[in-house]
Amino acid sequence: MTTIGPQPKWRSWVESANSPETHFPIQNLPYGVFSLAEGGKPRVGVAIGEFVLDLSVLASEGLLSYDDKVFNQPTLNDFIALGRQAWREVRGRVAQLLHDADATLRDNAALRDRCLIPQRNVQMHLPVQVPGYTDFYSSKEHATNVGKLFRDPDNALLPNWLEIPIAYNGRASSVVVSGTPVLRPNGQIKLPDQPRPLFGPCRKLDLELEMGFIVGKETALGSSVPCDQAEDYIFGMVLLNDWSARDLQAWEYVPLGPFNAKTFATTISPWVVPFDALAPFRVAQPKQSPTPLEYLQHEGDHAFDINLQAWLRPQEAEDDTLLCQTNFRYLYWSMAQQLAHHTVSGCNVRVGDLMGSGTISGPEPGSFGSLLEITLNGREPLPLKGGGQRSFIEDGDAVRLTGWCQGDGYRVGFGNCEGRVLPARSS
Ligand code: CA
């Protein structure tokens with residue numbers, strides 16, 4: 001079986017995969033879990049142009065060197081657990097089968113009809129069973145902006161921030177797939193002119209534009225991952241919206257960090273872009289000063305040039321409003337450094353663990369990844385296209401993240417990560 005992945009000049013016989021705008025050309029081949037919209041069991045597929053390629057059918061036909069049981073699953077975990085050699089073999093084989101010169105599927109209409117399904121006819125599911133979710137805080141611009149708003153404008157960045165990839169343990173049970181409605185949380189809100197908190201629906205509901213990586217290889221309790229080997233543990237990446245209740249957060253976060261302000265929902269995109277698909281878009285990360293401690297050092301380039309956008313659309317509106325445009329490459333701490341730090345204590349990670357990047361803000365206005373920063377904690381509302389304005393997210397609003405790497409004539413994209421906010425429960 002070949003292990004050569006798709007090449008930059010390759011084209012597919014799936015015509016829609018050759019559009020310069022599609023997020024899913026042959027150079028991407030992201031994995032997801034889907035079922036037919038009319039019903040049926042969830043299974044593993046790969047996005048190609050406007051279609052999903054059903055890997056369970058390919059495997060049952062003997063076209064992949066793995067048992068179809070691996071792909072007849074409601075999550076990617078069994079496939080991920082096979083390891084990097086298997087990811088590369090399957091990726092290479094799928095690319096070969098979709099290459100415009102390969103006749104195996106191209107000229108077999110009956111098989112093609114069984115394994116190639118229009119995306120509009122499928123329902124996407126949460127792609128991974130997530131054993132643990134950790135959220136980092138790795139954007140210097142974001143940490144600085146939030147420090148100014150929540151604490152002290154003159155000492156926005158706490159002294160530990162430049163030494164530690166700061167993170168907290170999030171809540172895996174409420175990680176949901178794009179399209180899942182998000183219920184506005186209830187909680188404690190402490191108003192400045194009141195001695196005690198009130199209880200009620202969050203009044204400052206926010207998005208956080210993030211990306212997440214999926215851990216592809218477990219570690220043993222007590223062991224740690226060296227920084228220069230940490231990328232071997234990354235299966236792929238998703239878009240991630242770490243919905244945040246700012247008023248709950250401001251009251252509860254001292255001294256242990258956020259809790260209910262973040263636990264009610266975390267939305268991820270349905271397609272997991274393989275780490276190998278991102279290789280052409282590797283770039284240098286921002287210069288780190290001071291030089292990190294030795295266990296956080298790595299040679300070479302460890303950032304990725306991924307264009308990111310967040311959009312908002314009120315329930316009855318016809319237009320999306322662009323909230324921000326930013327880039328994954330702005331992050332101060334790399335994914336490798338995050339994983340090295342996460343395991344340096346001996347904490348083990350598991351296949352499917354989700355590691356959020358933290359809100360990705362850039363240096364310019366217009367590149368801030370949360371409404372907290374965009375509207376200065378609600379003080380300067382953002383005008384909406386088609387009328388109205390927003391300080392924070394209102395009931396009925398849909399928030400959509402999207403992102404892509406720009407290649408020469410193609411895009412390796414992440415699709416959409418979307419959720420609509422529903423009113424809080426009244427009891
Ligand atoms: Ca976050």
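All values below come from the heavy atoms of this structure, side chains included, with hydrogens, waters and symmetry mates left out. Start at 1 and go down the list; that is how both ligands and their atoms are numbered.
For the 3.5 Å distance criterion, the side chains of Q337 and Q288 qualify, holding a donor opposite an acceptor.
When you scan the N, O or S atoms of E208 for the one nearest the Ca ion (ligand 1), you land on OE1. Within D135, the N, O or S atom lying nearest to the Ca ion (ligand 1) carries the name OD2.
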Donor-acceptor pairs are to be reported for all side-chain atoms of residues 200-212 against protein atoms at under 3.5 Å, with residues two or more places apart or in another chain.
residue	atom	partner	partner atom	Å
K204	NZ	N377	OD1	3.2
D206	OD1	L371	N	2.7
D206	OD2	R246	NE	2.8
D206	OD2	R246	NH2	3.1
D206	OD2	L371	N	3.4
D206	OD2	L372	N	2.9
E208	OE1	K262	NZ	3.0
E208	OE1	T359	OG1	3.3
E208	OE2	R246	NH1	3.1
E208	OE2	R246	NH2	2.9
E208	OE2	K262	NZ	3.1
E208	OE2	T359	OG1	3.2
E210	OE1	G358	N	2.9

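The Ca ion (ligand 1) forms the vertex of an angle spanning OE2 of E210 and OD2 of D242; to the nearest 10 degrees it equals 100°.
In this structure, D320 pairs ionically with R400, as a charged nitrogen and a carboxylate oxygen lie closer than 4.0 Å.
For residues 390-399, the pairs satisfying side-chain hydrogen bond (donor to acceptor under 3.5 Å, both in side chains) are R184-D395, R390-D397, with sequence neighbours left out.
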